[in-house]
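Please read the structure below before turning to the comments.
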Amino acid sequence: MSRRIDIVEVGPRDGLQNEKTLFTVGQKLEMIRRLETAGARRMEVVSFVNPKRVPQMDGAEEIMFALPRTPGRSRIGLVLNMRGWDRCVEARCDEANVVVCASDEFGIRNQGANVAEQVDALGAIVAARKADDPPISATVSVAFGCPFEGEVPEERVVSIVKAAAGFGVAEIALADTIGVADPWMVRRRVELAKAAAGGIPLRLHFHDTRNTGLANAFAGVEAGVDVLDASVGGLGGCPFAPNATGNIGTEDLVYMLERAGFETGYDLDQLIEIGNWASDLLGKRTASSLSRAGGFPKAKVAV
Ligand code: ZN
């Protein structure tokens, strides 16, 4: 049996978050349903941030209540603090993804808390979790570099991973929030995180800002990580890098992995269509390479 790589679709959250053109709740629901039809089993669909700060993430509760619980489908809510956790539980998300930034400056600007305060907040959220509440994964953001502090020491990333593992989260992710990582750095940090995570599965989240996204995904898979985030159409931007591209495109990642014999469970043609549809609505050219080139050529039968 070939190795399965689980791709967590983050288009409806990370993909849209920084876009000025606002999707209606109806458009977001259409996007989510189409992505699930195309094979997404885990998807980050909402973010429990203050909609005054991030208008695109308005309507989180409305979206969750419109999605009936479905076996085999996991709808994830992004959580930055205890208030977000309470909303995530109330909205009946299947999973919570709690973010801890690996840089004080980024954390203070993004979440109003330094690294130590965010680690404490994660601990408090895990302690508040009741048996029926959503499982919690922790994402270490700016784990490869920070737009304000520059280099992020690997010891700091390791210590956050250790703390998260100690709290007993279900999964730990390293996120290259601003797209600065290279594949060798990914391999090294994955090896260190693995050793610190004590058997808790790892997930990776890459942005393709500097064209290293797929190479980083390759390095992560080679280093033994089975779960990767991606965004359909390569949607997404970065508030700290104008004109930057978004997450690695789901269709680009699916193509690379399936050509190599991994299973992903996604339908490539449907992904390309959804990426084009969403990019059209945003008035943008689709960022993924597959949207331009299409999949592997089919053999032409000579007549
Ligand atoms: Zn991201």
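Because only heavy atoms are used, hydrogens play no part in the values below, and waters and symmetry mates are left out as well, while side chains stay in. Counting starts at 1 for both ligands and their atoms, following the listed order. Source: prediction; values computed, not measured. One is the number of the first residue; the rest follow in order along the sequence.
Val180 has its side chain within reach of Arg210: a pair of non-hydrogen atoms, C-beta onward, lies under 4.5 Å apart.
Judged as a ring-ring contact (aromatic ring centres under 6.0 Å, His included), the pairs with a partner in residues 170-224 (not counting sequence neighbours) are, in order, His205-His207. Sorted by first and then second residue, the salt bridge (charged side-chain N to carboxylate O under 4.0 Å, His left out) pairs with a member in residues 49-67 read Glu61-Arg87; sequence neighbours excluded. Residue pairs meeting the side chain to side chain donor-acceptor pair (under 3.5 Å) criterion with at least one partner in residues 100-114, sequence neighbours excluded, are Glu105-Arg109, Gln111-Gln118.
Between Glu36 and Arg42 there is no salt bridge, since no side-chain N of the basic residue sits under 4.0 Å from a carboxylate O of the acidic one.
Ile200 and Ile76 sit in two unconnected hydrophobic clusters of ILVMFWY residues. Membership requires side-chain heavy atoms under 4.5 Å apart, directly or through other members.
Within a radius of less than 2.8 Å around the Zn ion (ligand 1), the protein N, O or S atoms are Asp14 OD2, His205 NE2, His207 NE2.
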